[in-house]
Amino acid sequence: MSGFSGGNVNSRVVDILSGVVPLLKLICLTVIGLLLAHPKTQLVPRATFRLLSKLVFALFLPCLIFTELGESITLENIVQWWFIPVNVLLSAVIGSLIGYLVVLICRPPPEFNRFTIVMTAFGNTGNLLLAIVSSVCHTKANPFGPSCNSRGVSYVSFAQWVAVILVYTVVYHMMEPPLEYYEVVEGEGVEIEEINVENHDVSRPLLVVAEWPGIEDKETEHCKTPFIARVFNSISSVSQASLPEVDFGGENGGESSSPRSIQCLAEPRVVRRMRVVAEQTPVRHILQPPTIASLLAIIIGSVPQLKSVVFGYDAPLSFITDSLNIMGSAMVPSVMLVLGGMLSEGPNESTLGLRTTIGISVARLLVLPLVGIGIVMSADKLGLISSADPMFKFVLLLQYSTPSAILLGAIASLRGYAVREASALLFWQHIFALLSLTFYIVIFFKLTVENTVQGMP
């Protein structure tokens with residue numbers, strides 16, 4: 001009896017260590033980055049971390065995605081993996097509902113209602129997820145078997161294009177400055193100048209540019225204005241004079257008799273305004289290096305003739321993919337070093353409020369993973385998950401458990417909305433995620449690996 005009890009204790013210790021050790025590896029890399037970038041030591045200048053983040057974004061991450069996803073993807077896999085992008089959409093929708101509950105319960109300042117929903121709904125499904133998967137697989141005794149890293153990176157990469165589309169469409173417009181707040185600032189000539197100085201400061205936090213280098217070059221005419229609110233409010237309550245800088249394509253009071261004005265008059269006003277908003281959506285930013293790498297990997301990997309030329313030991317172009325693979329291996333340590341540099345700057349001052357900050361963190365790091373367990377396990381029982389690979393379900397579960405996406409900080413800076421609040425919230429979420437991820441990774445191992453082993457004949 002004592003031997004049986006001792007075996008259970010040893011098994012529990014192994015389970016706990018299997019969840020703790022991968023994160024300890026990432027924490028070590030993060031601490032190194034923190035020490036190198038800390039203001040008191042300043043062993044590595046801040047500009048170096050900015051350059052490293054650009055290398056991750058433009059080189060290391062695309063190389064990793066292309067080599068791993070391209071070698072694993074096939075037409076059959078595309079059909080089997082359909083639930084991965086659907087899961088990203090589900091996590092965003094459910095996260096938005098939970099974020100709305102956070103707004104009702106915590107009652108943040110009115111100008112941060114949409115910000116609270118966005119920060120609860122959209123998690124880091126990119127770099128951090130790749131780092132966790134790589135750390136879990138970085139041992140021969142990993143619970144997911146051979147080719148663990150290749151399969152895990154492929155699953156994560158296959159989901160990235162959906163997350164990127166959501167960020168540059170839905171999130172971009174949800175993060176526009178509130179109309180009421182913008183009008184108050186606009187009426188006070190001095191304050192609008194102060195805000196512009198803050199948003200265009202060359203010393204903007206590393207957190208803001210960590211996952212979108214060169215963001216300062218992406219600003220457009222309306223990116224820091226409540227564009228949608230001003231457009232749609234003009235339908236009923238706001239006069240046309242309040243929209244002097246918005247071109248509605250020939251709306252001149254019905255005086256013109258040109259074919260274009262007749263066409264505009266025939267077009268419903270709501271549809272016309274939706275078209276104007278769509279034209280201001282930065283869809284061109286979707287085609288970033290990581291997204292292009294994903295598309296190329298899917299195209300080449302899905303065509304056997306192309307795949308045999310690019311991927312494989314005997315492929316004529318294998319020397320190119322080997323070179324890209326070497327560069328891709330630098331992605332994980334570089335990402336964690338940049339994260340350490342980001343955390344070394346500390347949290348910014350925030351007017352969001354302690355209660356709302358705690359509410360968003362609890363909802364994102366504790367509540368949403370529980371909901372994700374229910375969704376993924378239910379989908380598995382209903383036969384919606386066609387892959388029997390435990391790593392497949394592990395990645396699906398991880399998509400619900402990561403802190404808010406760092407890219408949201410870049411969007412906040414681009415829109416000039418809640419920049420300090422996003423920086424502070426992301427800082428505290430990534431600190432507390434060390435504990436929550438350790439807890440949930442142990443649970444995910446039990447739900448995926450052990451259940452798969454028990455279900456085998």
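Note on residues 429-440: pairs passing side chain to side chain donor-acceptor pair (under 3.5 Å), not counting sequence neighbours, are S404-Q429.
In this structure, CZ in F60 is found 14.5 Å from CG in L130, a value given to the nearest 0.5 Å. From I411, atom CD1 reaches atom CD1 of I406 across 13.5 Å, with rounding to the nearest 0.5 Å. Summarising the geometry, atom CG belonging to L447 is positioned 9.0 Å from atom NZ belonging to K393; distances are rounded to the nearest 0.5 Å. Going from atom CE of M331 over to atom CG of L55 covers 13.0 Å, rounded to the nearest 0.5 Å. Rounded to the nearest 0.5 Å, atoms CZ (F392) and CD (Q80) are 8.5 Å apart. In this structure, L59 CG and L64 CG are separated by 11.0 Å, a value rounded to the nearest 0.5 Å.
Side-chain contact check for P85 versus W161: some heavy-atom pair is nearer than 4.5 Å. Within the 4.5 Å cutoff, the side chain of P108 has heavy atoms near those of the V103 side chain. At least one side-chain heavy atom of P289 sits less than 4.5 Å from a side-chain heavy atom of F57. Side-chain contact between L23 and S135 is absent, with no heavy atoms from C-beta onward closer than 4.5 Å. Using a 4.5 Å heavy-atom threshold, the side chains of E76 and V79 count as separate.
Of the residues N87, T125, N124, the one that meets the side-chain hydrogen bond (donor to acceptor under 3.5 Å, both in side chains) test with Q399 is N87. When S154, S157, S147 are each tested for a side-chain hydrogen bond (donor to acceptor under 3.5 Å, both in side chains) with S72, only one passes: S154.
Residues E68 and S150 bring a donor and an acceptor atom of their side chains to less than 3.5 Å of each other. Of the N and O atoms on the side chains of Y100 and N113, not one donor lies less than 3.5 Å from an acceptor on the other residue. Remark: the T321 side chain and the T67 side chain contain no N/O donor-acceptor pair separated by less than 3.5 Å.
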Original post:
Stepwise, does the side-chain contact (heavy atoms from CB on, under 4.5 Å) test hold for I32 with L36?
Top reply: CA-CA 6 Å; I32 293 173; L36 292 175; 4.0 Å; yes
**OP:** Evaluate the criterion side-chain contact (heavy atoms from CB on, under 4.5 Å) for residue pair R364 and T402; output intermediate values, then yes/no.
**Re:** CA-CA 8 Å; R364 180 73 227 174; T402 55; 4.0 Å; yes
**OP:** Kindly indicate, with the supporting measurements, whether the criterion side-chain contact (heavy atoms from CB on, under 4.5 Å) is fulfilled by V153 and I65.
**Re:** CA-CA 7 Å; V153 171; I65 291 175; 5.7 Å; no
**OP:** Output, in order, the C-alpha distance, side-chain angles, deciding distance and verdict of ring-ring contact (aromatic ring centres under 6.0 Å, His included) for F83 and Y155.
**Re:** CA-CA 10 Å; F83 194 76; Y155 298 148; over 10 Å; no
Original post:
Would V303 and K307 count as a side-chain contact (heavy atoms from CB on, under 4.5 Å) if you check the C-alpha gap in whole Å, the side-chain angles of each, and the deciding distance to 0.1 Å?
Top reply: CA-CA 6 Å; V303 181; K307 189 172 186 177; over 6 Å; no
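S350 and E421 get closest at one heavy-atom pair: OG-CG, 3.3 Å.
F158 and W81 have perpendicular rings, their planes meeting at more than 60° on a 0 to 90° scale where under 30° would count as parallel.
Taking the ring centroids of F444 and F439, they lie at or beyond the 6.0 Å cut-off. Close placement of the F66 and F311 rings is indicated, their centers lying within 6.0 Å of each other.
Not counting sequence neighbours, the partners of N77 by the side chain to side chain donor-acceptor pair (under 3.5 Å) test are T74.
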